[in-house]
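Working notes, beginning with the structure itself.
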Amino acid sequence: MKQLMLGNAAAARGLFEAGCEIVSSYPGTPSTEITEEAAKFKEIYCEWAPNEKVALETAFGASLAGKRAFCGMKHVGLNVAADPLFTVAYTGVNAGLVIGVADDPGMHSSQNEQDSRHHAIASKIPMIEPSDSEEAKEFAKIAFEISEKFDTPVLYKMCTRVAHSQSIVETAERVVQPVKEYKKDPSKYVMAPANAIRRHPVVEQRLKDIEAWSETSGINRVEMGGTEIGIITSSTCYQYAKEVFGDSVSILKLGMVNPLPKNMILDFASKVKELYVIEELDPIIENYCKSFGLNVHGKDILPICGEFSQNLIAKAFGKDVPESKKIDDVIPVRPPVMCAGCPHRGLFYALSKQKITVIGDIGCYTLGSASPLNAIDVVLCMGASVSGIHGYNKALGKDAETKAVAVIGDSTFMHSGMTGLATIAYNQSNSTVIIVDNSITGMTGHQQNPTTGKNLYGEPAGRVNLEALVKAMGINRVVVVDPYNIAECEKVIKEELAAEEPSVIISRRPCALLKEVKPLPALKVNADKCKSCKMCMKIGCPAISMKNNKAVIDGTLCVGCGVCTQMCKFGALED
């Protein structure tokens, strides 16, 4: 049956058809929907792991037990999973093990433009890369076949445009492989140095075997057209090249991007007059071609930064690009903002008034860095706020301890904030950490986490008690505040900064967008009382604006949280 499918949904369909039985992932755009879609198949057990390292280790354990397994993450999540990644290359697998990673060229929702192909090369693990939804489904199945044929984990790479675009997919029946018996083999699975030394040559030979397989397997293919120009490409860049050039050029379309097929590339190059590589981000294919003497163009005409498009490629090759239509009226910039009723808003306003350094973290609360709150100074990576505040305070001592805090979300704290808090407790920096607990993983679309008491399916699950956990880690001062109460937040922040020991503030209120959170009636503005002071605008609520020099509240957005009423000294904001 043919269906129109999102790339990520097609990948999940491929897992289903391949007989995958275990999926463990950490949500991260643009990879999240693979696991969410896989969870719709009752035949596949799916879960959210606390972080990507745990997800990969869980999937490896399932593979070891003899069942096909998958774990999914975004590109920066692969950094977190790198520790097991590099060693599972040495151990190999039992049943098939596929590691999904989704890159984000253009940084639509990411803090960097990392190219995950580097991880494949460095870890010596094969990587395949689909270019549309049909390939997303088929390559998921092929990945398991490669994994079991060559006794290796397989990296399955998506990118934003393939993950979040739709195309036609032809579905097939699910085929479940017999459970592979686990056989005790310490020389293969115990990576002590003596065993690892013997496994390294196995890894190197395996790459050579996979390269030879890829030359004739069909995963890479040549589409001969005009021979003046030959293009080597993969993923979504293949689609762009086809749209720009059609059959006027010849294309070597790579489905496996590590290892690369040297003989196939050389043969293709011999059939065309000029050779080009079209690839987003780093010149990995280009440099590989140059390493054995090919004269190839790539980054000399194409950018190393950002996401490509049809027009970008056409322009780089000297083709006419139609001028885009422009809207004459000046449209104001609409940067992302925290939602109306966001529980983080009151806390960040309280922080902005303290004139202190705030080290932030990854999540929707990162938006606290934006105007008008301007309440976050630094954001690095998941969990870095807690470790960062410790280092900051150790470096500057008492001069900093009363003037700096860390802010981290509940899901991010479980992901990688706990170890940072452990070092604060163990090494005794006088640091204040604020956990903004909105009862969900907000930024990636309301996934559950270990603090919510629900699993991926929304069923009751084990729940981590943050207060008990923090105290068990050696933090004696733990205070819970309601972020809708600005005065309380200000008071507690001042008290904890003044305390001469480590402390944790838990700012707790559920995300206003959760289904179980019932909004209160929208507030209204009494125009007669409004003095046009614009104090209500200082919290950056999208439900509040100014019209005819008076505050106005959009009743379709307002959830009646009441934070704005605490800003107005004249009582103009009413129930």
Side-chain angles (χ1 to χ4, degrees), residues 326-356 358 360 363-376 407 434 436-440 442-443 446 481-494 507-575:
K326 296 180 181 178
I327 299 173
D328 293 330
D329 295 334
V330 177
I331 298 176
V333 176
R334 295 189 64 187
V337 295
M338 288 183 285
C339 305
C342 176
H344 305 323
R345 179 172 283 107
L347 174 78
F348 279 126
Y349 179 72
L351 285 170
S352 70
K353 292 180 69 180
Q354 301 296 315
K355 292 182 169 52
I356 58 176
V358 179
C364 48
Y365 49 91
T366 306
L367 294 169
S369 63
S371 182
L373 294 168
N374 301 309
I376 290 180
V407 176
I434 303 175
V436 286
D437 180 5
N438 66 349
S439 306
I440 204 70
M443 180 66 89
H446 282 192
V481 298
D482 179 358
Y484 279 179
N485 188 328
I486 296 175
E488 180 190 19
C489 289
E490 289 183 23
K491 174 177 174 291
V492 169
I493 291 168
K494 288 178 181 177
S507 173
R508 177 170 290 145
R509 183 171 278 269
C511 172
L513 300 184
L514 287 173
K515 291 179 181 178
E516 55 266 32
V517 175
K518 303 301 179 186
L520 296 171
L523 299 174
K524 297 180 177 62
V525 177
N526 185 326
D528 294 333
K529 293 182 178 180
C530 178
K531 305 300 181 184
S532 306
C533 67
K534 299 184 181 179
M535 277 298 295
C536 57
M537 299 292 289
K538 290 184 179 293
I539 56 173
C541 178
I544 307 173
S545 60
M546 298 295 292
K547 188 175 182 179
N548 298 325
N549 211 29
K550 296 286 184 179
V552 177
I553 290 179
D554 185 340
T556 64
L557 294 178
C558 179
V559 299
C561 72
V563 171
C564 60
T565 64
Q566 300 166 63
M567 308 294 294
C568 183
K569 297 179 180 179
F570 308 105
L573 305 171
E574 302 173 346
D575 295 338

Output all residues satisfying side-chain hydrogen bond (donor to acceptor under 3.5 Å, both in side chains) with [X], sequence neighbours left out; order by chain, then residue number.
X      : result
Ser371 : none
Glu574 : Asn526, Lys529
Lys538 : none

Is there a side-chain contact between [X] and [Y] in this structure, where contact means two heavy atoms from C-beta onward sitting under 4.5 Å apart?
X      : Y      : result
Asn438 : Arg509 : no
Val436 : Pro483 : no
Met546 : Lys534 : yes
Met443 : Tyr365 : no
Leu347 : Ile493 : yes

Would you name the heavy atoms of [X] and [Y] that are closest together and state the gap between them?
X      : Y      : answer
Ile486 : Ala350 : O-CB, 4.2 Å
Leu523 : Ile553 : O-CG2, 3.4 Å
Tyr484 : Cys561 : CZ-CB, 3.3 Å
Ala512 : Cys342 : CB-N, 4.4 Å
Val481 : Glu488 : CA-OE2, 3.9 Å
Pro510 : Val517 : CB-CG2, 3.7 Å

Under a 3.5 Å distance rule, please check whether [X] uses its side chain to pair with a backbone N or O of [Y] as donor and acceptor.
X      : Y      : value
Asp554 : Thr556 : yes
Tyr349 : Val563 : no
Ser532 : Asn549 : yes
Lys550 : Cys530 : yes

Could you give the distance from [atom1] ([X]) to [atom2] ([Y]), rounded to the nearest 0.5 Å?
X      : Y      : atom1 : atom2 : result
Ile376 : Ser352 : CD1   : OG    : 11.5 Å
Met535 : Cys568 : CE    : SG    : 9.0 Å
His446 : Ser439 : NE2   : OG    : 10.0 Å

Residues two or more places apart in sequence or in another chain: which of them pass side chain to side chain contact (heavy atoms under 4.5 Å, CB included) with Cys536?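 Cys536: side chain to side chain contact (heavy atoms under 4.5 Å, CB included) contacts with Ile544, Ala551, Leu573.
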Which pairs count as salt bridge (Lys or Arg N to Asp or Glu O under 4.0 Å) when at least one residue sits in residues 341-355, sequence neighbours excluded?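 The answer is Lys353-Glu490.
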Taking salt bridge (Lys or Arg N to Asp or Glu O under 4.0 Å) as the test, write out the residues that go with Arg508, two or more places apart. Asp437, Glu467
